[in-house]
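Right, one structure below, let's go through it.
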Amino acid sequence: MDSVVRTPSHLAAPLVHRLFRDPARPPVFSEPVPGLAAWRGPEASATPDDVHRTAADLVHLAAERQAAPHAELAPVVDVLARTLLAIADVDVTDADAVRLGPQDYARRLRGAVQGADRELSPDAAWFHDALLVSVCLHVLHHLVRRSPYLQRQLPGRAGRIAQLVDQGDTEAALRAPQRSEEDTAFEAEYARWVARRHGWLTIVGVDFPNAPDRWPLEETYLSLEAEERSGGVGGATDEQRTVLLADRAVEDHERVLLRGGAGSGKTTLVQWLAVAAAREGSRVPFVLPVRRFAREGFPAPDDFLHAVRHPLADRAPEGWVVRTLLAGRALLLVDGIDEAPEKTRSELRGRLRRLLRVFSGNSCLVTSRPSAVADGWLSGEGLAEEDFVELSLAPMSRDQVTRFIRDWHSAARLDEQSRSAGPRDREREALVEYEQRLLHSVRIYRELRQLATNPLMCGLICALNRDRAGSLPSGRKELYDAALEMLLQRRDPERDVLYADDVRLQQSTRERLLQKLAHAMLEEDASELTEERAVGILDAALPAMPAARAQGDGAKIFRHLLHRTGLLRERAGESVDFVHRTFQDYLAAKEIVARGRFPTLVDHAHQSEWEEVIRMAAAHARPEECAQFLERLLAPAPTLRRPQVNHRRLMAAACLDHVTELDPAVQRLVHDRTKNLVRPTTDLAARGLGWVGPIVLELLPDPGQVPDDRQALLLAMTATRVQDDAAIDYLVRLRTRAALPIRAELAQGWRHFDTERYAEEIIAHLAPDDLYFPVSDAAELAALRELGGRARIQVAGVMRAEELLTGLLRDELTHLWLNAELPDTDVSWLAGFPRLRLLRVNPRLPRVRNVPDGVEITA
């Protein structure tokens with residue numbers, strides 16, 4: 001083993017920098033610093049736990065690159081941590097340490113730790129000492145780089161330290177594992193597999209009758225928008241949103257946590273990024289669905305492919321994944337962190353963060369449902385090099401919904417043509433008619449417009465619209481009822497698939513069996529079941545279902561449900577899950593109601609991942625059951641914390657929006673028990689109330705009776721997030737307020753409502769003084785133009801230059817605020833606006849170019 005472990009500076013420096021971060025101390029020094037670090041007290045630059053964690057990262061980083069006694073890494077970590085803690089104890093200034101050099105400084109620190117040699121074997125002690133010298137070299141390099149005094153007073157020593165670091169980087173690069181012919185050949189095969197496997201966009205995840213099964217991803221991918229939230233600017237609200245193209249997120253940011261609701265397009269985005277990386281060849285994508293390893297925890301690099309049951313796992317060259325990570329060429333796509341059981345998420349997070357610390361330079365995208373993890377969940381406890389940019393997928397705009405519907409019907413016409421032996425002009429003409437009818441319905445009907453806000457629901461609506469010849473259900477429950485009827489009862493007969501197997505089951509029987517599987521997943525906090533477990537559940541259910549039992553045993557029924565319903569999918573022949581979590585939640589809720597297991601719902605009502613199940617259970621329940629259920633949600637819960645109790649009671653209010661029939665006395669009880677919960681005192685609380693739904697509008701105070709502007713702003717924050725046009729009637733009573741934050745909040749809420757109506761009843765009445773009017777899509781741009789335009793415009797959605805040139809009034813615009821990413825950063829087209837004098841660009845966006853003369857640009 002070498003006397004020094006060669007650790008590249010780009011990997012070691014961030015870890016060393018972590019130990020000496022001290023905001024109370026100036027970044028540069030004009031004299032020797034007597035204490036290099038403190039680990040306790042108000043002057044501490046890091047805690048002992050931070051030092052131990054850093055020692056672990058340094059040891060594992062070195063072990064990946066050098067022969068090391070892997071069985072003894074844990075005691076090496078402990079000894080190195082104690083040695084680093086001695087930095088605060090030895091009487092050495094920064095100038096003294098630089099004069100000593102890495103070898104002697106390491107010897108000084110090692111001498112301050114008694115008994116360390118007795119704790120390690122000879123090989124482990126040798127590895128520790130070699131690593132300590134390397135760490136001390138990077139510590140001294142850090143001290144020199146931060147201190148002009150040392151650079152000026154000790155130029156020879158400073159130059160020698162820099163030379164040793166450069167030499168170590170060169171030697172490490174020369175000794176780093178090179179891509180062998182075997183690695184190169186496998187990587188090419190792997191890239192081809194990724195392009196084939198992920199290069200198709202499945203419609204809704206379900207095989208609908210009379211609908212195309214899938215689209216080529218490259219031709220039909222819909223680039224969604226992602227929002228980044230930050231503090232307010234210029235006296236507006238405390239929250240501002242920056243809009244980015246979601247598929248560019250990993251290009252602009254090394255690490256991204258992306259939140260999105262069910263069906264919002266998270267997995268499709270993962271597919272798109274994987275295919276793009278595979279085809280470009282610059283990075284190697286690793287698609288890591290969390291449901292594949294939710295129980296076992298985040299896999300080690302060598303287990304990436306086996307953990308997700310990749311078909312090429314057994315053919316990968318040994319150590320290929322580690323070599324890819326060491327080269328900084330990996331793109332980690334961790335999909336669905338919310339699908340890990342809540343009790344294991346912290347451990348999974350810890351393993352992921354540690355992996356990213358050890359293998360720095362690799363890109364990572366993590367997706368999650370919105371409420372599954374808290375803000376800052378993946379950030380590194382103050383360590384900037386670990387911070388994740390947090391984005392949220394935005395609801396589809398009207399323009400995006402229109403494009404989706406047109407693309408879907410275009411694909412359906414091509415599919416019809418490819419499946420037809422002869423001309424079928426009548427069917428293609430009918431598709432054109434259905435498309436136009438649906439585009440009209442989405443624009444006119446509020447219920448439909450509210451449902452069509454993500455790719456899952458849009459695809460479901462398109463398929464049902466065609467299947468039902470333009471007659472669509474209006475509510476969420478009714479929509480899923482219709483989809484299940486189509487899949488479970490009419491799917492095979494309408495495809496003339498009558499003899500695929502000899503199992504004959506009615507829709508109600510199929511649905512009950514699927515409910516058993518969905519309910520088991522919910523109770524076991526699992527996102528998939530092994531085939532053995534699924535068969536066992538069905539075998540246990542069949543004795544009570546004679547019609548199904550007569551058709552075969554659990555294994556036979558399982559294969560039938562898997563292949564003939566379109567709701568289940570098999571994973572590498574080892575497990576099964578639902579094609580989408582939404583169907584799993586819907587069926588699990590129905591099973592809970594059928595079994596009368598409402599106490600189970602009450603027990604979990606404070607947990608965010610049960611929200612959809614609880615809402616759907618209330619929709620399925622009979623009136624008396626629903627009344628008793630809501631009363632239980634409102635009852636005292638001494639074992640829960642106050643926020644959990646409040647969440648449970650707000651769930652009761654949210655359920656009212658899904659209930660068909662309910663005792664008026666219970667309705668009044670819900671109002672009475674929740675009305676005091678909707679008096680928000682903070683911006684975060686006000687924004688969070690919007691998820692409750694339209695019922696919250698009945699609980700909020702009359703804004704006309706609220707004289708305080710601060711309280712009125714909080715009411716506006718809540719009402720603008722209730723995505724129901726009934727909120728417009730409430731907001732009308734706030735539109736004459738003069739305070740800029742209130743006007744800004746009302747303007748920003750435009751995108752949640754019917755464009756024309758909101759423009760007429762809210763936007764037209766807002767005083768324009770100092771207010772930037774936001775436009776998120778072409779429809780809002782056109783509506784604002786109809787109102788005569790405005791001098792100050794905020795571009796709050798991704799739009800092309802041509803759309804802005806057409807929609808903005810050239811003689812009206814004086815201030816333009818770009819708060820959304822432009823497809824082209826060339827803004828020379830702004831020369832067409834003669835009165836424009838100020839261009840404000842969000843600093844989080846790519847830098848614009850070719851700003852016309854006379855236009856001032858500011859952040």
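Hydrogens, waters and symmetry mates play no part in the numbers below; they use all other heavy atoms, side chains included.
- Taking CG from D247 and CD from E225, the interatomic distance works out to 10.5 Å, rounded to the nearest 0.5 Å.
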- request: Run the numbers on L333 and F286 for side chain to side chain contact (heavy atoms under 4.5 Å, CB included), then give the verdict.
  value: CA-CA 6 Å; L333 300 167; F286 294 100; over 6 Å; no

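- Across every non-hydrogen atom of I557 and G552, the tightest pair is CG1-O, 4.0 Å.
- With hydrogens and angles ignored, the 3.5 Å screen pairs a side-chain donor or acceptor of K266 with a backbone N or O of G260.
- When only modelled atom types and interatomic distance are considered, T267 and D335 share a side-chain donor-acceptor pair under 3.5 Å.
- Take V275 and apply the side chain to side chain contact (heavy atoms under 4.5 Å, CB included) test, not counting sequence neighbours, and it matches H198, L217, R279.
- A salt bridge links R329 to E187: at least one charged side-chain nitrogen sits closer than 4.0 Å to a carboxylate oxygen.
- Remark: side-chain polar atoms of D303 are not paired, donor with acceptor, to backbone N or O of H306 under 3.5 angstrom.
- One finds the CZ atom of R512 at 9.5 Å from the NZ atom of K590 (value rounded to the nearest 0.5 Å).
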query: Under the salt bridge (charged side-chain N to carboxylate O under 4.0 Å, His left out) criterion, do R597 and E523 qualify, and how do the steps go?
result: CA-CA 11 Å; R597 298 279 182 87; E523 280 200 327; 3.6 Å; yes

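- Note on R622 versus E625: salt bridge recorded, some NZ/NE/NH1/NH2 to OD/OE distance being below 4.0 Å.
- Scanning both residues, G554 and D539, for their nearest heavy atoms gives N-OD1, 2.7 Å.
- A ring-ring contact (aromatic ring centres under 6.0 Å, His included) with H620 holds for exactly one of F629, F598, Y586; it is Y586.
- Distance check: T324 OG1 to F304 CZ gives 10.0 Å after rounding to the nearest 0.5 Å.
- A salt bridge links E528 to R309: one of the charged nitrogens lies within less than 4.0 Å of a carboxylate oxygen.
- Inspection of the R641 and H606 side chains reveals no N or O donor paired with an N or O acceptor under 3.5 Å.
- A salt bridge does not link R259 with D338: none of the charged nitrogens is closer than 4.0 Å to a carboxylate oxygen.
- Side-chain polar atoms of H647 and Q644 form no donor-acceptor pair below 3.5 angstrom.
- Between A548 and L513, the shortest heavy-atom distance links the atoms CB-CD1, 4.4 Å.
- With values rounded to the nearest 0.5 angstrom, M545 atom CE is found 7.5 Å from S508 atom OG.
- Annotation: side chain of M521 is in contact with side chain of Q584 (closest heavy-atom distance under 4.5 Å).
- Aromatic pair Y190/H310: centroids less than 6.0 angstrom apart.
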task: For side chain to side chain contact (heavy atoms under 4.5 Å, CB included), just list the numbers for L514 and L567, CA-CA rounded to whole Å, side-chain angles, deciding distance to a tenth of an Å, and then say yes or no.
output: CA-CA 9 Å; L514 289 167; L567 282 170; 3.7 Å; yes

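- A salt bridge does not link D57 to R53: none of the charged side-chain nitrogens sits closer than 4.0 Å to a carboxylate oxygen.
- Salt bridge annotation for R533-E524: present, with a cationic side-chain nitrogen under 4.0 angstrom from a carboxylate oxygen.
- Between F583 and F578, the ring center distance fails the sub-6.0 Å criterion.
- The closest donor-acceptor contact from the side chain of N362 to the backbone of L331 lies at 3.5 Å or more, if one exists at all.
- Within 6.0 Å of the CZ atom in R595, the count of heavy atoms belonging to other residues, nucleotides or ligands exceeds 12.
- Ion pairing between a basic and an acidic side chain is recognised when a charged N comes within 4.0 Å of a carboxylate O; R255 and E390 show no such pairing.
- Rounded to the nearest 0.5 angstrom, F388 CZ and L378 CG are separated by 4.5 Å.
- A donor-acceptor pair under 3.5 Å links the side-chain atoms of T367 to the main chain of G336, judged by distance alone.
- Between the CZ atom in R615 and the CG atom in L656 there is a gap of 11.0 Å [rounded to 0.5 Å].
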